[in-house]
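A note on names: the letters A, B, ... follow the listed sequences, proteins ahead of strands, and every chain is numbered from 1. In this text the structure is predicted, and so the values were computed from the model without any measurement.
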Amino acid sequence: MFKMSFLNLLRRKSRTVLALLGIMIGVAALLVLVGLVEGINALALDAVGGMQGVYVMQDGATDDSLSIVNLSDKSKLEAIQGVKVVTPTILGVPQTVDGKRNSMSGGIPVSVIGTDPGQVSNSLLATAMQNLKEGRMLRSGDEGVVLISTKLSDDRKKHVNSTIKINDYSFKVIGIVEVTSDFYSNVIVLPIEDARKVLDFEEGKVNSFFVVPADPANVDKIDKIIDFKYPDDFDAYSAQETAALTGDILDSLRAMTLVIALISSIVAGIGVMNTMLMSVMERYSEIGVLKAVGWTNNNVMQMILLESMFLGVLGGIAGIVFGILVGELIGIASGLYPLMTPMLISEVFIFAISVSVFAGAYPAFRASRLEPIDALREGQGD
Amino acid sequence: MVKKGKVKKEERKPIIEVRKIKKTYLLGETKVHALRGVSLNVYPGELIIILGPSGSGKSTLLHQMGALDIPTEGKVLVDGLDITQMDSWNLSMLRRKKMGFIFQSFNLIPTLDAVENVHIPLLPTNVSEVAAHRRAMHLLKEVGIEDRAHHKPNQLSGGERQRVSIARALINDPEIIFADEPTGNLDSKTGEKVLEIIRKLNEEEGKTFVIVTHDASLVEFADRVFIIRDGLIEEENLGGKNGHAYKSESVELNKRKRKK
Ligand SMILES: Nc1ncnc2c1ncn2[C@@H]1O[C@H](COP(=O)(O)OP(=O)(O)OP(=O)(O)O)[C@@H](O)[C@H]1O
Ligand SMILES: [Mg+2]
């Protein structure tokens with residue numbers, strides 16, 4: 001019956017191809033969009049995933065650039081049992097770099113992160129900046145010097161000992177670091193007081209603290225203690241929580257992909273249903289013969305469902321190939337590659353098959369209900 | 001002699017008993033009485049012919065006997081079981097196990113080659129693909145076209161197509177085969193070959209046939225011939241097989257009509 005169903009699809013090739021196109025485009029759209037959302041998600045997770053500490057912001061702030069805390073509160077956090085180091089962070093986006101406007105129009109803008117120069121390895125950047133490519137790390141007591149990311153070094157042709165001007169201040173590059181997260185790809189790291197100067201940040205204030213426990217296993221514990229002890233001063237986040245925060249934004253994107261999934265399944269479904277209905281109508285007399293020679297209603301239904309399923313399988317495969325190609329192109333064009341996991345690919349594949357089988361159900365039902373005699377008579381019209 | 005023959009017939013159990021069936025179609029407001037009270041029995045090994053002018057109800061009768069349709073009134077018993085009480089699944093099973101069909105327009109599946117067409121009835125059964133194929137090949141050989149086994153229907157002549165459909169009707173080893181104008185779409189020479197196959201199947205293998213035809217030449221192989229007119233059986237005659245020199249005005253009529 002497999003072969004027979006398959007051959008039936010080959011009868012009206014252009015019609016079959018049309019139905020396949022519907023499925024293919026739906027599958028590809030879904031794959032690319034979900035892949036993009038997952039790609040963004042992975043980037044976000046990358047940035048915070050390995051974070052071995054607690055991120056402390058102003059109570060109620062959801063983003064560190066919107067958070068302002070007193071530098072003097074550092075001691076409150078240091079007093080908590082099990083805390084090894086607390087590093088303050090000031091971050092921002094400068095107006096100009098080397099006199100040029102630093103805006104979105106030139107891609108991801110350059111951001112400036114100021115932290116305790118002696119504690120870069122205990123800062124929020126610790127996991128993102130691991131490999132020093134050239135020069136040296138910041139040391140305590142450093143002033144007027146910066147670390148820059150490899151991308152920045154390539155883009156702006158900066159090397160160790162080059163000068164870089166941020167807003168109105170000039171700095172000497174002392175090190176170039178490789179960043180593991182694209183979130184920090186265009187970053188300048190500098191001593192916190194230099195950052196305050198450059199960004200004109202209020203004296204005695206910082207954006208956030210990064211609290212590193214003596215025992216990494218205690219991250220969650222310390223997170224809870226801070227939230228419990230200083231509910232009105234701070235909001236503390238562990239890596240998972242930070243990821244969850246980013247996740248909130250992504251969830252709304254996901255909801256959008258759901259809408260697109262719905263639309264594409266309707267489009268693909270209508271294509272399959274139309275194709276199968278027409279195909280059933282054209283074959284009234286054949287189906288009548290099948291029934292006459294002893295096929296049951298269920299046998300006929302199976303045949304039509306099998307044909308619909310083949311449409312789903314073929315359309316699904318075509319859509320996956322097409323989607324991967326489009327994703328690759330988007331990646332080349334924008335630098336953001338959709339993340340298409342085998343899991344996602346198998347999900348859209350199953351999606352394609354289920355939509356097709358579901359859409360084939362009505363034509364299959366219609367075909368199965370044909371009376372052999374009516375079906376035979378229909379065919380004698382010629 | 002005649003008496004004895006008759007008694008013998010009564011003792012045999014009929015495969016098909018048609019009891020006072022009526023079939024009425026509704027065409028909008030008007031009722032079309034296609035069958036108006038027909039009764040007849042078919043016994044194992046018989047070759048029955050149904051003759052009659054166009055529109056007289058021949059096909060309708062055949063469809064009721066072949067469990068393809070259910071009469072409006074009356075009963076059809078197949079092996080003693082009333083098909084008018086069966087649901088569509090049981091009817092399918094009945095056709096699958098006991099019946100074969102040959103149609104005027106062959107009704108082969110165009111995408112499948114000859115052998116594949118022959119084993120279509122076995123596809124939904126648990127007969128293995130290999131066994132079905134072997135049997136299909138054997139049947140194609142029996143109808144004399146095994147060398148055409150891998151040709152698609154559109155690469156076959158009308159006579160060859162009809163032979164494929166005969167093989168298809170035989171694949172489930174049915175007790176009874178129904179044929180609606182099996183030679184209707186064939187020229188007389190090809191038609192004769194097809195009839196010869198049917199005759200052999202009946203005489204040498206004992207297959208039971210019910211044939212609707214215009215073709216009076218088949219009458220000489222028949223056990224009995226029914227003449228139907230306006231939905232009623234007008235005459236029942238013994239066929240040439242019983243040693244009767246067959247003569248009937250109706251047949252002559254039919255013959256003449258066909259030549260025209
Ligand atoms: N589905 C139907 N709806 C309405 N009327 C029908 C239907 N099927 C058959 N009839 C009518 O019933 C009558 C008998 O039809 P049937 O097909 O049995 O004739 P037939 O003897 O086989 O004729 P032919 O030799 O032309 O095949 C005809 O008048 C026909 O128009
Ligand atoms: Mg007819």
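To the nearest 0.5 angstrom, Leu123(B) atom CG is 11.0 Å from Gln302(A) atom CD. The distance from the CG atom of Asn107(B) to the CD1 atom of Ile287(A) is 12.0 Å, given to the nearest 0.5 Å. To the nearest 0.5 Å, atom CD1 of residue Ile373(A) and atom OG1 of residue Thr60(B) are 7.5 Å apart. Rounded to the nearest 0.5 angstrom, Asp87(B) CG and Asn297(A) CG are separated by 9.0 Å. Arg96(B) CZ to Trp295(A) CH2: the interatomic distance, rounded to the nearest 0.5 Å, is 9.5 Å.
Judged as a salt bridge (charged side-chain N to carboxylate O under 4.0 Å, His left out), and not counting sequence neighbours, Glu142(B) has no contacts.
Closest approach of Leu68(B) to Pro372(A), counting heavy atoms only: O-CG, 3.7 Å.
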Practice prompt. Walk me through it: do Thr296(A) and Met93(B) pass the test side-chain contact (heavy atoms from CB on, under 4.5 Å)?
Written response: CA-CA 7 Å; Thr296(A) 61; Met93(B) 284 306 163; 3.8 Å; yes
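Atom CD of Glu205(B) sits in a crowded spot, with more than 12 heavy atoms from other residues, nucleotides or ligands closer than 6.0 Å. No more than 12 heavy atoms of other residues, nucleotides or ligands lie within 6.0 Å of CZ in Phe358(A), so this atom counts as exposed by the packing criterion.
Comparing Glu371(A), Arg283(A), Lys291(A) by heavy-atom pairs within less than 4.5 Å of chain B, the highest count is held by Lys291(A). When each of Pro110(B), Pro174(B), Ala67(B), Ala169(B) is checked for heavy-atom pairs under 4.5 Å with chain A, Pro110(B) comes out on top.
Using a 4.5 Å cut-off between heavy atoms, Glu129(B) makes no contact with chain A at all.
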